[in-house]
Participant: 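Mind looking over this structure? Questions follow.
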Amino acid sequence: MMIHAYDEIYLDDAMETMGSAVEYAVLFCKTDGQEFIDLFIACGIADEFGRGNVKYISGMSGIELARLVLEKCGKKTPDISEIPYIDYPAEYWVGWIIAYYQWYTGKSFATICRKISYQNIVDLYGVLHEADPSKSVSAFDEIIKNNSETNLARLRKNKGMSQSQLAKAADISIRSIQLYEQRQTDINKAQYNHLKAIAKVLCCEINDLLE
């Protein structure tokens with residue numbers, strides 16, 4: 001069972017607040033989107049927001065949240081109390097959907113944003129902004145998976161071996177090792193003798209290598 005970050009009763013407020021915060025920071029404060037997300041995390045507010053602190057997710061507007069982040073980091077902000085109407089811009093959706101994903105997974109913003117960039121999310125806007133948020137969850141999960149180390153790479157590094165050392169010890173071409181680690185070749189469908197040889201060298205079970 002998925003354990004969400006906080007009570008769902010606050011989710012709509014959190015998504016709206018985060019959406020408006022990113023929209024205000026990018027469109028009206030002319031702050032780079034990735035920079036704003038990085039500042040949100042660096043100043044510590046992201047941790048409070050992600051834990052469901054009502055002060056941040058429901059107790060202030062998106063403009064107030066963005067101002068707090070930017071001013072904590074020494075940046076000036078324009079004095080507006082309401083964002084002029086724009087028909088669901090990409091900037092709003094970025095904040096809106098990342099707030100949903102953080103709530104849904106219970107992961108911290110820092111953990112998520114190490115794998116998913118602001119631009120990654122913007123690139124999904126065209127196909128997903130009118131879809132159910134669950135579609136974005138699947139897309140984000142896929143990005144994280146593709147940006148994560150394979151089990152093979154992790155086990156090899158833990159063993160202190162280079163790709164060439166592993167290839168030589170397992171009597172497998174270095175290109176095969178590279179393709180497995182880059183996920184260009186599915187290790188789950190690898191030849192049994194390859195898996196057996198690699199597992200023996202890395203002192204692990206074959207199942208430990210599978211994705």
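None of the values given here were measured: they were computed from a predicted structure. Below, each value reflects all heavy atoms present in this structure, side chains not excepted, and no hydrogens, waters or symmetry copies.
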Participant: Counting C-beta onward and ignoring hydrogens, is there a side-chain heavy-atom pair between Phe28 and Thr77 closer than 4.5 Å?
Facilitator: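 The answer is no; the side chains never approach within 4.5 Å.
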Participant: Check this for me: does any side-chain nitrogen of one of Arg67 and Glu64 sit under 4.0 Å from a carboxylate oxygen of the other?
Facilitator: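 Answer for the salt bridge query: no.
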Participant: What distance do Ile112 atom CD1 and Asn120 atom CG have between them, rounded to the nearest 0.5 Å?
Facilitator: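 Ile112 CD1 to Asn120 CG: 12.5 Å, rounded to 0.5 Å.
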Participant: Are the side chains of Ser136 and Tyr100 in touch, meaning some heavy atoms are under 4.5 Å apart?
Facilitator: no
Participant: Tell me whether Ile86 at atom CD1 has more than 12 heavy atoms from other residues, nucleotides or ligands lying less than 6.0 Å away.
Facilitator: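 More than 12 within 6.0 Å, yes.
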Participant: Which class fits the ring pair His4 and Tyr104: parallel under 30°, tilted 30 to 60°, perpendicular over 60°?
Facilitator: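 Rings of His4 and Tyr104: tilted, as their planes differ by 30° to 60°.
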Participant: Got a donor-acceptor contact below 3.5 angstrom from the Thr111 side chain to the Lys107 backbone?
Facilitator: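 Pair absent, no side-chain N/O of Thr111 close to backbone of Lys107.
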Participant: Working to the nearest 0.5 angstrom, can you tell me the gap between Ile174 CD1 and Ser162 OG?
Facilitator: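 One gets 7.0 Å once the value is rounded to the nearest 0.5 Å.
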Participant: Contact between Glu48 and Lys55 at the side-chain level, heavy atoms closer than 4.5 Å - yes or no?
Facilitator: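 The answer is no; the side chains never approach within 4.5 Å.
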Participant: So Tyr92 and Tyr88, would you call those rings parallel, tilted or perpendicular, with 30° and 60° as cut-offs?
Facilitator: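 Tilted.
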Participant: Could you check if a side-chain atom of Ile83 sits within less than 4.5 angstrom of a side-chain atom of Ile63, using non-hydrogen atoms only?
Facilitator: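 Yes; the side chains approach each other to less than 4.5 Å.
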Participant: Could you check if a side-chain atom of Ser61 sits within less than 4.5 angstrom of a side-chain atom of Thr17, using non-hydrogen atoms only?
Facilitator: no
Participant: So Arg175 and Gln178, do their side chains get closer than 4.5 Å, heavy atoms only?
Facilitator: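 Yes, side chains in contact.
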Participant: Return the minimal non-hydrogen interatomic distance between Ala99 and Met18, and the atom names on each side.
Facilitator: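 Closest heavy-atom pair between Ala99 and Met18: CB-CB, 3.8 Å.
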Participant: Can you measure from OG1 (Thr150) to CG (Leu155) and round to the nearest 0.5 angstrom?
Facilitator: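 The OG1 atom of Thr150 sits 8.5 Å away from the CG atom of Leu155.
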Participant: If you count the non-hydrogen atoms of other residues, nucleotides and ligands that lie under 6.0 Å from CG in Asn146, is the total more than 12?
Facilitator: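 It does: Asn146 CG has more than 12 such atoms within range.
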Participant: Report whether Ile198 and Ile206 are members of the same hydrophobic cluster (ILVMFWY, side-chain heavy atoms less than 4.5 Å apart, transitive linking).
Facilitator: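 Linked, Ile198 and Ile206 end up in one cluster.
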Participant: Less than 4.0 angstrom from a charged side-chain N to a carboxylate O is my criterion; do Asp141 and Lys115 meet it?
Facilitator: no
Participant: Does Trp103 belong to the same Ile/Leu/Val/Met/Phe/Trp/Tyr cluster as Val137, with side-chain heavy atoms less than 4.5 Å apart forming each link?
Facilitator: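 Yes, same cluster.
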Participant: Distance-only, no hydrogens or angles: does the Ser20 side chain make a donor-acceptor pair with backbone N or O of Glu16 under 3.5 Å?
Facilitator: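 Here the side-chain-to-backbone pair exists.
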Participant: When you compare the side chains of Gln34 and Ser117, does any donor N or O come within less than 3.5 Å of an acceptor on the partner?
Facilitator: no
Participant: Quick check on side-chain contact (heavy atoms from CB on, under 4.5 Å): which of Asn151, Asn188, Leu202 does Leu209 satisfy it with?
Facilitator: Leu202
Participant: Should Tyr101 and Ile97 count as side-chain neighbours, where that means a heavy-atom distance under 4.5 Å?
Facilitator: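 Counting from C-beta outward, Tyr101 and Ile97 never come under 4.5 Å.
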Participant: Given the rule in the side-chain contact (heavy atoms from CB on, under 4.5 Å) test, do Ile57 and Asp13 qualify, once you have shown the distances and angles that lead to the verdict?
Facilitator: CA-CA 6 Å; Ile57 65 174; Asp13 282 350; 5.8 Å; no
Participant: Would you check if there is a donor-acceptor pair between the side chains of Tyr118 and Asp38 at a distance under 3.5 Å?
Facilitator: no
Participant: If hydrophobic clusters are built from ILVMFWY residues whose side chains come within less than 4.5 Å, do Leu179 and Leu210 share one?
Facilitator: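 Per the 4.5 Å side-chain linkage, Leu179 and Leu210 are not co-clustered.
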Participant: Between Glu71 and Lys76, is the closest basic N to carboxylate O distance under 4.0 Å?
Facilitator: no
Participant: Please report the closest heavy-atom contact between Gln102 and Tyr6, naming both atoms and the distance.
Facilitator: OE1-CE2, 3.9 Å
Participant: Whether the side chain of Asp208 engages the backbone of Glu205 through a donor-acceptor N/O pair (distance < 3.5 Å, no angle test) should be reported.
Facilitator: yes
Participant: Does the side-chain contact (heavy atoms from CB on, under 4.5 Å) test come out yes or no for Leu166 and Leu152, once each step is laid out?
Facilitator: CA-CA 10 Å; Leu166 174 57; Leu152 172 58; 3.9 Å; yes
Participant: How far apart are the closest heavy atoms of Ala139 and Leu128, and which atoms are they?
Facilitator: CB-CD1, 3.9 Å
Participant: Within the structure provided, determine whether Val22 and Trp96 are in side-chain contact (heavy-atom separation under 4.5 Å).
Facilitator: no
Participant: Measure across Ala5 and Gly50 and return the closest heavy-atom pair with its distance rounded to 0.1 Å.
Facilitator: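 Where Ala5 meets Gly50 most closely, the heavy atoms are CB-O, 3.4 Å.
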Participant: Name the orientation class of the two ring planes belonging to Phe40 and Phe36 (parallel below 30°, tilted from 30 to 60°, perpendicular beyond 60°).
Facilitator: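 It falls in the parallel class, under 30°.
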Participant: Out of Arg156, Arg154, Lys157, which residue meets the side-chain hydrogen bond (donor to acceptor under 3.5 Å, both in side chains) rule with Glu149?
Facilitator: Lys157
Participant: Between CG of Asp132 and OG of Ser138, what distance do you get to the nearest 0.5 Å?
Facilitator: 9.5 Å
Participant: Measuring from atom CD of Gln191 to atom OG1 of Thr185, what distance do you get when rounded to the nearest 0.5 angstrom?
Facilitator: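 Atom-to-atom, Gln191:CD and Thr185:OG1 are 10.5 Å apart.
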Participant: Run the ring-centre check on Tyr56 versus Phe49 and record whether the distance is less than 6.0 Å.
Facilitator: no
Participant: Calculate, to the nearest 0.5 Å, the distance between atoms CG and CG belonging to Leu195 and Asn207 respectively.
Facilitator: 9.5 Å
Participant: When you look at OH of Tyr125, are more than 12 heavy atoms from neighbouring residues, nucleotides or ligands closer to it than 6.0 Å?
Facilitator: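 Result for OH/Tyr125: enclosed.
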Participant: Which heavy-atom pair separates Lys159 from Cys203 by the least distance, and what is that distance?
Facilitator: NZ-SG, 3.2 Å
Participant: Looking at every heavy atom in both Ile41 and Ala46, which two are closest together, and how far apart are they?
Facilitator: CA-CB, 3.7 Å
Participant: Give a yes or no on this: more than 12 heavy atoms of other residues, nucleotides or ligands lie within 6.0 Å of atom CD of Gln184.
Facilitator: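 More than 12 within 6.0 Å, yes.
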Participant: Answer yes or no: is there an ion pair linking Glu130 with Lys135, defined by an N-O contact shorter than 4.0 Å?
Facilitator: no
